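One structure below.
Reminder, nothing fancy here: chain letters follow the sequence lines and each chain counts from 1. Keep in mind that what you see is a predicted model, and the values were worked out from it rather than measured.
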There are 2 protein chains.
Amino acid sequence: MTRVLLLHPGAMGSSLGSNLVENGHEVYWVSEGRSEATEARAAQASLTQTGSLTAAVTEVEVVLSVCPPENAIEVGRAVAETGFLGTYCDANAIAPATSQRLLDIYGDRYVDGGIVGPPPRVQGHTRLYLSGPNAKQILDLFQSTRVQTEVLVNGPLSASAMKMCYAAYTKGTAALILGIRALAEHYGVSNALQAEWSQAQNSLWDRSERMGPGTSRKAWRFAPEMREIAKTFGGAELPSGFHEAAAEIYSRMASLKHEEDVETTRVLQYLLAGRND
Amino acid sequence: MTRVLLLHPGAMGSSLGSNLVENGHEVYWVSEGRSEATEARAAQASLTQTGSLTAAVTEVEVVLSVCPPENAIEVGRAVAETGFLGTYCDANAIAPATSQRLLDIYGDRYVDGGIVGPPPRVQGHTRLYLSGPNAKQILDLFQSTRVQTEVLVNGPLSASAMKMCYAAYTKGTAALILGIRALAEHYGVSNALQAEWSQAQNSLWDRSERMGPGTSRKAWRFAPEMREIAKTFGGAELPSGFHEAAAEIYSRMASLKHEEDVETTRVLQYLLAGRND
């Protein structure tokens, strides 16, 4: 049994936490400054509440960070400042160069992670990639859970690189497709594009119709993830423009965070209206 | 029967010309400065050879421009300088803003075109979009041929906009996928990406393996086409970075023009070697 501090129980984090609890581990979370929705998710996942980060870190051997990519460094620094001496695992969608900053802080106690797939409610759809000398410690925590784990051995930041490569396609093409739909709308050729896209590319038109509802609530956090991917391309001296553009697309949709199932045609209005910002 | 000057009989142009000849039209081409390969294609398509552009334009009612996008303006200007007074149709992969420059030259005698699909050797795979007040004249030329034609009515530059939207996805995602393969190679996670991509996204790994052979010989002309698409996004105040990045990917592959079936793994070397240029 390992005691783990989970920062923070969002949709993905609480589902990972639930898998750890079912596996016999004790999983803490910090309630200070978190919303009621987070508290409800934490309770549902049988996580153990602690009031403050300073109190929580004294209870655990492992800290697992699952948060929006733009908060990853801030969370890592806050934990380090408490004097925590255990293993720190960042499972966020960050560039290897961003992950390097956490490696610089934690050294051999750092495990780089990258999650591919949805919150692990069922078996076989979610992979947690891990890298670094202590990767096996995190892998063991998830043994026999609904989370498939895999240690990548080509360098301590491979897990982040893998996550970036994977999301580069899925979220990059979704942004591209929404951008093209907006382009067709602007130039008055949506009907012709619908005809072309309906017969070709596995009914790309239907896919594009599902992309509005599928991304609108998550776009606010996709934007910084796209910037991390752009940074990953830049770090390899490959062109970063695909994901800088994707970040701009998702930024223009950020205000749709609290709306349910926004139709693609309405998303296009946000993309085209974003021009005046 | 209409006399048409085709500039120039490349793979696409000669196939369009062949369709026109079979439809009873006389199709001229200008041999001056063209290669033996072009001459062979023109002969194969039963096109009528003329020595110079100045001589050719006196023979025809219609000029049809089918050339790499970066030559479209130069070809359009050269024809205008001969004093040609007939209909000028540009069927190239150019931005509406580029097409506008030809509209400025030819006015109502200009027909904007955009070709989607392969050279029309069989029925049902190639569409020629047309726009502008004289679009029907070009549509009639191709009646009952293997080229499906469609007039777009939302403005005189709709055909170019449609072509840009279509190619934005096909060639844009191909460049993105090749870029991600190079990214994975750089960060040492190609094996993990292969495992993910083999089971997901309609076997995206196999698609990526076909993309090297499928694009390497054409990349030199895809690069300027991607810049035209970037310009099209820019003209709508939508992010142009997707296709600026795609242009960079294809630029790094440009020297593969004369090689057959270059494997994707070898293309990646060009993408990564391009960093030192």
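Contact detail for B/S158 and A/Y187: the closest heavy-atom pair is OG-O, 4.4 Å. Nearest heavy atoms, B/H186 versus A/A236: CD2-CB, 3.3 Å. Of all heavy-atom pairs between B/L238 and A/L271, the closest is CD2-O, 3.9 Å. Nearest approach of B/L183 to A/C165, heavy atoms of both residues: CD2-SG, 3.9 Å.
Chain B forms more heavy-atom pairs under 4.5 Å with one residue of A/I249, A/V116, A/L152, A/T232 than with any other, namely A/T232. Taking chain A as the reference chain and counting heavy-atom pairs below 4.5 Å, the highest number among B/T173, B/V153, B/V189, B/N191 is found for B/V189. The candidate from B/A195, B/A168, B/G172 with the greatest count of non-hydrogen atom pairs under 4.5 Å with chain A is B/A168. The candidate from A/G155, A/A175, A/S190, A/S240 with the greatest count of non-hydrogen atom pairs under 4.5 Å with chain B is A/A175. Contacts with chain A were tallied for B/A245, B/S160, B/A192, B/A230; B/A245 has the most, counting heavy-atom pairs under 4.5 Å.
Proximity to chain B (any heavy atom under 4.5 Å) is restricted, for A/I177, to the side chain, taken from C-beta onward. Heavy-atom distances place both the backbone and the side chain of A/A246 under 4.5 Å from chain B. Contacts between A/R127 and chain B at a heavy-atom distance below 4.5 Å involve the side chain alone, from C-beta outward. If you measure heavy-atom distances from A/S131 to chain B, you find no contacts under 4.5 Å at all.
Atom-to-atom distance recorded for B/F242:CZ and A/E244:CD is 11.0 Å, nearest 0.5 angstrom.
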Start with the C-alpha gap between A/Y166 and B/I180, add the side-chain angles, then the distance that decides, and say whether side chain to side chain contact (heavy atoms under 4.5 Å, CB included) holds. CA-CA 8 Å; A/Y166 188 85; B/I180 296 170; over 6 Å; no
Verdict with reasoning, B/E196 to A/Y169, per side chain to side chain contact (heavy atoms under 4.5 Å, CB included):
CA-CA 12 Å; B/E196 285 288 350; A/Y169 181 77; over 6 Å; no
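For B/N154, the side-chain hydrogen bond (donor to acceptor under 3.5 Å, both in side chains) criterion is met by no residue, not counting sequence neighbours.
No more than 12 heavy-atom neighbours from other residues, nucleotides or ligands sit within 6.0 angstrom of CD on A/E263. Within 6.0 Å of the CG atom in A/D108, the count of heavy atoms belonging to other residues, nucleotides or ligands does not exceed 12.
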